[in-house]
Enquirer: 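Can you keep this structure in mind? I'll have questions shortly.
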Amino acid sequence: MTQTVARFSEGQPLTRRASLGRMAALAAGAAAGSLPLHAQAVAPLTRPIPSSGEAIPVVGLGSWITFNVGQDAAGLAMSTEVIRAFLASGGRMIDSSPMYGSAQATIGHAMTQLGRPKTVWSADKVWDGDLARGTAQMETSRQRWGVQRFDLLQVHNLLSWEAHLPRLFEMKAAGRLRYVGISTSHGRRHADMAQIMRSQPLDFVQLTYNLVDREVEQRLLPLARDRGIAVIVNRPFRQGALPQQLARYPLPGWAREIGCEHWAQAALKFVVSHPDVTCAIPATTQVAHVRQNLAAGGGPMPDTALRARMAREVAAL
């Protein structure tokens, strides 16, 4: 259930060649076959978006690296099956960005192949230092997805947020966008994010949080709770590195008690069980893994005491 492992910065754009090279090795183990959209699994846990009360599943789907397949037929087919399985297992939120290579077009292709399912909850970003170019970029992104409007648009890595947020709020007021947010990754710019959260009427923030990277517990997660801001978690597996490292150790007894068959499921349950987290967005190239991810979004969850124990034991490994 691990995400793609990448040896480069998430803050840098990824070339199609680099993405396909990494995906080829991972896709070799992808599960064959597909799950019909009507074959629904047990519904995952949902959390309300504080600004509206709308409920969304706690496990979403990221597209960083995994969906950057260009026109590669096998890559497009693989991505379509991942999205098919995600939706059939009760998933809704799919997150992307214009910096993710061809990921947006890949999602749009899958949506067409799957008959434009109405359950998809679309989250994307604006990533440009210029307001006019950013506005054009958002329209291009919308066309690539093939949606009438996005559910959520975020200012990616806070780039020119002062210019873009007013435009996003205008779009929301006009009914051309449902929610507004900001994003960051790799633990960057937390002080700036906190300042924006205090001063702007945001619906969402997106940040990095996992069993190892826990700085947001001290300031950003409590602030999101106090300000009524939904939280999307990126890199819950450290791009696959965390479950890969933990796989060298036996799965603890407590993991079975909360319904986990793999370290990756335990790591994901740690994230989504935090009461201030609305949704996590692991990415994958494998149908089996996306089903496992969605399964981790349901069933028994660790309480506060077990979450603390999980963090301690992983830190000691």
Side-chain angles (χ1 to χ4, degrees), residues 1-3 40-50 53-62 85-93 95 121 204-218 220-226 228-238 240 242-243 245-247 249-284 288-317:
M1 190 176 72
T2 58
Q3 289 177 299
Q40 296 292 327
V42 176
L45 174 70
T46 63
R47 287 244 171 83
I49 300 167
E54 177 187 3
I56 57 174
V58 296
V59 177
L61 181 65
F86 171 74
L87 298 175
S89 298
R92 292 191 62 206
M93 177 192 282
D95 177 87
W121 203 99
F204 278 84
V205 294
Q206 183 177 146
L207 43 76
T208 295
Y209 179 51
N210 52 59
L211 268 166
V212 177
D213 301 305
R214 299 172 50 218
E215 180 186 343
V216 297
E217 292 178 345
Q218 304 305 313
L220 293 185
L221 291 181
L223 180 58
R225 179 185 63 241
D226 293 344
I229 300 172
V231 175
I232 302 171
V233 169
N234 58 44
R235 305 181 78 242
F237 301 144
R238 287 189 138 197
L242 180 58
Q245 293 166 358
L246 293 175
Y249 304 96
L251 197 64
W254 51 255
R256 300 289 184 182
E257 294 174 7
I258 56 173
C260 297
E261 299 179 355
H262 311 277
W263 266 112
Q265 286 182 314
L268 190 54
K269 285 213 172 196
F270 174 84
V271 171
V272 301
S273 65
H274 193 292
D276 299 329
V277 168
T278 309
C279 180
I281 50 171
T284 182
H289 292 174
V290 79
R291 290 172 180 161
Q292 292 168 12
N293 288 346
L294 267 295
M301 290 287 172
D303 59 15
T304 301
L306 180 52
R307 285 175 47 79
R309 179 181 174 185
M310 293 167 72
R312 287 196 308 269
E313 291 188 6
V314 168
L317 294 177

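Predicted, not measured: the structure shown is a model, and the values here were computed from it.
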Enquirer: Under the side-chain contact (heavy atoms from CB on, under 4.5 Å) rule, collect the residues that match up with Val205, sequence neighbours excluded.
Expert: Ile182, Met193, Met197, Leu202, Leu207, Ile229, Val231

Enquirer: Of all residues at least two apart in sequence or in a different chain, which pass the salt bridge (Lys or Arg N to Asp or Glu O under 4.0 Å) check with Arg307?
Expert: Glu217

Enquirer: Under the salt bridge (charged side-chain N to carboxylate O under 4.0 Å, His left out) definition, can you give me all pairs with a residue in residues 295-306, not counting sequence neighbours?
Expert: none

Enquirer: First locate atom CG of Leu294, then atom CG of Leu45, and finally report the distance between them rounded to the nearest 0.5 Å.
Expert: 11.5 Å

Enquirer: Distance-only, no hydrogens or angles: does the Arg47 side chain make a donor-acceptor pair with backbone N or O of Val277 under 3.5 Å?
Expert: yes

Enquirer: Checking Asp213 now: which residues fulfil side chain to side chain donor-acceptor pair (under 3.5 Å) with it, not counting sequence neighbours?
Expert: Asn210, Arg238

Enquirer: If you look only at pairs with a residue in residues 249-276, which of them pass as a salt bridge (charged side-chain N to carboxylate O under 4.0 Å, His left out), with sequence neighbours excluded?
Expert: Arg225-Asp276

Enquirer: CD1 of Ile56 to CZ of Arg92: how many Å apart, nearest 0.5 Å?
Expert: 8.0 Å

Enquirer: Just to verify, what does Pro50 make a side-chain contact (heavy atoms from CB on, under 4.5 Å) with, not counting sequence neighbours?
Expert: Ala230

Enquirer: Holding to ring pair (Phe, Tyr, Trp, His ring centres under 6.0 Å), I want the full list of residues that pass it with Phe270, two or more places apart in sequence or in another chain.
Expert: Tyr209

Enquirer: Got a second to check how far Asn234's CG is from Ile281's CD1, nearest 0.5 Å?
Expert: 5.5 Å

Enquirer: Taking the side chain as everything from C-beta on, heavy atoms only, tell me whether Thr278 gets closer than 4.5 Å to Ile232.
Expert: no

Enquirer: If I take atom SG from residue Cys279 and atom CZ from residue Phe204, how far apart are they, to the nearest 0.5 angstrom?
Expert: 8.0 Å

Enquirer: Do Gln265 and Asn293 meet the criterion of a side-chain donor-acceptor pair at a distance under 3.5 Å?
Expert: no

Enquirer: Ignoring hydrogens, what is the shortest heavy-atom contact between Ala280 and Val271? Give both atom names and the distance.
Expert: CB-CG1, 4.0 Å

Enquirer: Rounded to the nearest 0.5 Å, what's the gap from CD on Gln245 to CG on Leu211? Could you check?
Expert: 11.5 Å

Enquirer: Sequence neighbours excluded and cut-off under 3.5 Å, please list the side-chain donor-acceptor pairs for residues 309-317, or say none.
Expert:
unit_1	atom_1	unit_2	atom_2	d
Arg309	NE	Glu313	OE2	2.8
Glu313	OE1	Trp254	NE1	2.9

